[in-house]
Amino acid sequence: MADSRFLHALFLLLCALAPHSAAHSLSVAYLHVDQASGSNGATLTLDVALADLELELGIDADGNGAITWGELRGRSADVAEFIRSGLKIEAGGSPCRVSAGALAVREYADGMYAHQPLIAACSSDDVTLAYDLLLDRDAQHRAILVIGRDGKTTTSVLDANHRTANLAAPRGTFESFAREGVHHILIGYDHLAFLASLLLAVAFVRRDGRWQRAGSLWQSFRRAAIIVTAFTVAHSVTLSLAALGLVSPAGRAVEALIALSVVLAALNNVFPVVVRRLWLLAMGFGLVHGFGFAGALGELGIPRDARLTALFAFNVGVELGQLAVAAVALPVIHALSGWRHYVRWLMIPLSLLIALLGAWWFFDRITG
Amino acid sequence: MRSTACWAVRKTAASIAALLLLGASLAHATAPPIFVPADDSVVLARVPQSFGGWQQDQLTSGAPGALSAAMAQVSRSGDARLAGRLQKHLDGLPADTMDADVILARAWLAQHQHRFDDSRQQLDRLLAGQPGNDNALAMRAHLSLTQGRLRDAQKDCAALLFIEPRQATLCAGRLAGRRGDWDAAERVLSRLQVGDDAVARDARLLSAELAGARGDAVAGERFTAARAAAPGDWRPLLAHARWLRRNGRASDALAILPQDSTHDGLALERAMAAAAVKAPDAQRLLSRLVARYAAARQAGANPESRDESELALLAGDSVRALELAKENFATQRDMEDVELLERAAAVAQRPDALVMLREWERLEGVRQPAGG
């Protein structure tokens with residue numbers, strides 16, 4: 001480094017002249033967005049500190065240390081361009097047309113800010129905003145984003161790690177939590193393995209120590225629906241208890257027990273213990289799985305004002321997800337179950353494989 | 001007369017407490033009004049003095065001398081915007097670089113921004129490869145002093161002795177001061193106050209602070225000299241203003257403090273001095289400060305708990321003040337941090353809150369200073 005000698009002296013100076021550390025006011029911008037539900041586009045205002053504009057654009061034209069309204073107004077085009085370059089507003093992947101209004105000012109607690117109104121005209125209401133203003137210049141810069149819609153406001157912070165915001169109208173609580181329920185069952189490999197263990201045997205009944213084909217596809221589907229619903233009823237109970245904070249089971253133990261339930265359900269196909277009323281097995285283990293779902297729901301955050309709706313919707317989503325899996329898997333299982341070697345060459349090997357996987361998850365979760 | 005004075009104090013405290021509550025709850029609900037000034041000559045803002053000569057483009061392009069100039073400017077001004085810009089530049093350099101200058105710059109900035117663990121990590125990494133790096137040793141000693149790890153500081157001070165004797169002497173003086181051995185600290189510091197280099201300037205400031213802490217009459221003179229030796233530097237200015245206010249000379253403190261400062265510590269000191277003399281703009285200054293803290297929290301940044309604790313004390317909220325003073329003490333243990341904790345515990349009538357302080361003093365060999 002070319003200035004190494006100078007730096008050497010400087011470090012000594014800094015060590016000496018730094019008897020107190022300091023924490024200070026950061027560079028903050030205020031971004032207000034107003035959007036009416038269903039409208040294409042948004043009305044925005046961005047308040048940027050004059051101190052930041054001075055550092056970026058050099059507003060103090062005469063260099064006398066005072067920024068006047070005349071100096072700021074004289075640079076209004078540059079200010080608007082600077083702000084527009086730091087904001088990308090898109091709808092459905094296409095950029096919105098952004099026009100700047102007349103510049104004004106606003107005084108916050110830490111000084112005067114330039115107030116720039118903007119109007120974004122977009123092709124749809126699925127508006128997203130990417131904020132880059134000053135983030136590539138100042139590592140500490142943040143923008144406080146206030147979104148107003150239909151009389152309600154939400155506030156969030158944009159910084160170098162969170163540069164985008166979706167301005168589209170949020171889905172209702174029921175819809176969004178139902179979607180999360182479906183999503184969770186579809187990505188929950190351990191829940192799916194448990195379900196698969198039960199479905200593998202759903203086309204059969206155990207008579208005289210042997211698996212015998214039960215009947216029509218409709219009968220298989222009816223049995224599957226009963227099993228899935230029993231599972232849902234059971235996990236709804238424990239999920240609700242945990243989500244409402246009435247019970248707080250240890251997450252690690254729950255995850256290990258879920259893995260164990262997979263092992264036992266799969267082994268039940270190989271060494272049958274519960275041969276009638278499989279829905280009882282589903283219900284018993286559903287209680288454990290419910291605590292697992294509660295962890296996922298906790299990560300989402302339940303809205304305080306709509307707890308019951310969110311819980312109900314999440315459970316409905318899980319049930320729908322399971323029924324969807326059953327609807328896809330059952331015709332295949334039913335068709336294959338007509339094969340006379342199904343039990344020996346498919347159901348038992350697959351069940352053993354699932355049991356092995358479950359055993360691996362169990363040990364991983366208790367030792368991890 | 002006495003009851004009138006008490007009523008006035010209670011009224012001021014109640015006003016500040018109300019402001020604190022309002023600030024916390026209405027940080028963004030009350031967006032300030034939008035306006036268009038009547039004519040072009042209206043002055044909207046003063047350009048912070050700290051911005052003078054800031055060369056962002058040169059820093060970004062890596063021009064020779066730009067990094068050192070930027071660091072010196074951030075250090076002198078304490079301006080958070082400039083620090084954020086310097087941080088951005090340093091973040092852009094390779095994370096695993098072994099360039100000592102870059103590592104030291106990162107460590108120094110992390111310390112400046114209260115990211116003490118980051119700072120120590122950088123310094124440990126550098127010293128693992130270069131055990132005799134005097135800058136790293138001096139910086140780590142200073143970090144250890146700030147964090148109250150006096151035994152660690154002592155080791156680094158000792159290691160400096162044969163590498164950079166004046167730094168080592170300053171380090172020893174500071175350490176003696178922190179341990180409460182003020183006479184020894186005075187003796188050591190007096191040997192360094194010759195000339196006009198950085199060590200001499202810092203020794204003068206430390207000497208002024210020690211004199212102030214022990215109630216010595218020469219403190220004022222020393223603070224004035226320390227300020228004169230480092231014009232534009234916030235540290236001697238803040239230390240002097242604080243000493244003036246605490247010694248019943250709040251109006252003198254107001255006279256030396258800038259009207260508007262981008263530095264939170266200076267802004268707080270001005271607000272406290274204004275409140276002490278019941279200046280007409282005291283309420284405005286305090287409400288601005290409360291709003292600044294609320295805005296910082298809203299933006300996801302924590303204001304310095306030391307400053308917030310002082311404000312809570314001013315508002316008469318001793319419980320909150322003590323809570324913040326303890327929070328502050330958990331991260332930094334400079335003389336004023338210890339003094340704040342003791343003051344907050346006394347106001348809150350919670351001597352039990354000092355148990356951890358006394359335990360730390362015992363472990364680190366800190367004693368109550370004679371004549372303090």
Side-chain angles (χ1 to χ4, degrees), chain A residues 1-4 6-28 30 32 45 50-52 54-56 60 65-74 102 104-112 115 136-142 144 146 155 157 159, chain B residues 28 32 34-37 40-48 51 54 56 64-65 67-68 71-72 75 78 80-81 84-85 87-88 91 99 101 104 108 111-112 114 135 138-139 142 146 167 170 198-199 201-202 205-206 235 262-265 288 291-292 295-296 298-301 303-304 334:
Chain A
M1 199 170 258
D3 54 341
S4 193
F6 188 84
L7 270 172
H8 183 269
L10 177 75
F11 283 130
L12 288 179
L13 179 149
L14 293 178
C15 292
L17 281 183
H20 313 289
S21 300
H24 316 279
S25 295
L26 306 173
S27 161
V28 176
Y30 296 85
H32 295 255
T45 64
L50 290 189
D52 283 321
E54 172 62 21
L55 278 170
E56 287 301 312
D60 181 21
I67 298 174
T68 63
W69 169 239
E71 286 171 326
L72 179 63
R73 201 172 54 79
V105 286
R106 206 170 204 182
E107 188 173 16
Y108 285 86
D110 62 340
M112 197 67 80
H115 173 81
D136 293 327
R137 305 283 273 181
D138 182 341
Q140 298 286 324
H141 177 76
R142 292 128 201 249
I144 294 174
V146 181
T155 304
V157 177
D159 59 21
Chain B
H28 62 83
I34 300 158
F35 66 98
V36 176
D40 284 356
S41 64
V42 172
V43 174
L44 300 175
R46 300 274 165 197
V47 178
F51 288 5
W54 182 258
Q56 181 71 39
L67 177 59
S68 47
M71 287 175 65
S75 168
R81 279 189 171 81
R85 283 159 188 265
Q87 187 188 347
K88 192 73 205 176
D91 286 351
D99 184 325
D101 292 340
L104 284 168
W108 174 79
Q111 196 170 338
H112 177 82
H114 287 204
N135 289 314
M139 216 178 275
H142 174 248
T146 302
Q167 272 289 335
L170 180 64
V199 171
R201 286 199 292 272
D202 197 36
L205 177 56
L206 273 173
R235 281 161 290 234
T262 54
H263 188 287
D264 279 354
R288 281 183 74 130
R292 263 163 91 150
Q298 193 187 3
E304 188 164 0
D334 273 329

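Quick note on labels: first sequence line is chain A, next is B, and so on, each numbered from 1.
- Judged as a side-chain hydrogen bond (donor to acceptor under 3.5 Å, both in side chains), and not counting sequence neighbours, B/Arg46 has no contacts.
- Atoms CG and CG, on A/Asp60 and B/Leu44 in that order, are 11.0 Å from each other to the nearest 0.5 Å.
- With values rounded to the nearest 0.5 angstrom, B/Arg81 atom CZ is found 14.0 Å from A/Arg137 atom CZ.
- Across every non-hydrogen atom of B/Phe35 and A/Ala104, the tightest pair is O-CB, 3.5 Å.
- Contacts of B/Ala296 with chain A are absent, with no heavy-atom separation under 4.5 Å from either backbone or side chain.
- Neither the backbone nor the side chain of A/His141 comes within contact range of chain B; no heavy atom of the residue lies under 4.5 Å from a heavy atom of that chain.
- Contact of A/Glu107 with chain B is made through backbone and side chain together, with heavy-atom distances under 4.5 Å.
- Of all the listed residues (A/Leu55, A/Val157, A/Thr45, A/Leu72), the one sharing the greatest number of non-hydrogen pairs under 4.5 Å with chain B is A/Leu55.
- By the 4.5 Å heavy-atom criterion applied to side chains, A/Ile67 and B/Val47 are counted as neighbours.
- Of the listed residues A/Thr68, A/Asp136, A/Asp159, the one with more heavy-atom pairs under 4.5 angstrom with chain B than any other is A/Thr68.
- Within the 4.5 Å cutoff, the side chain of A/Arg106 has heavy atoms near those of the B/Ile34 side chain.
- Here the closest heavy-atom approach between residue B/Ala295 and residue A/Ile144 is recorded as O-CD1, 4.1 Å.
- Between chain B and the options A/Val105, A/Asp52, A/Leu50, heavy-atom pairs under 4.5 Å are most frequent for A/Val105.
- You'll find the side chain of A/Val28 stays beyond 4.5 Å of the side chain of B/Gln298, heavy atoms only.
- Under the side-chain hydrogen bond (donor to acceptor under 3.5 Å, both in side chains) criterion, B/Gln87 pairs with A/Gln140, B/Gln113, not counting sequence neighbours.
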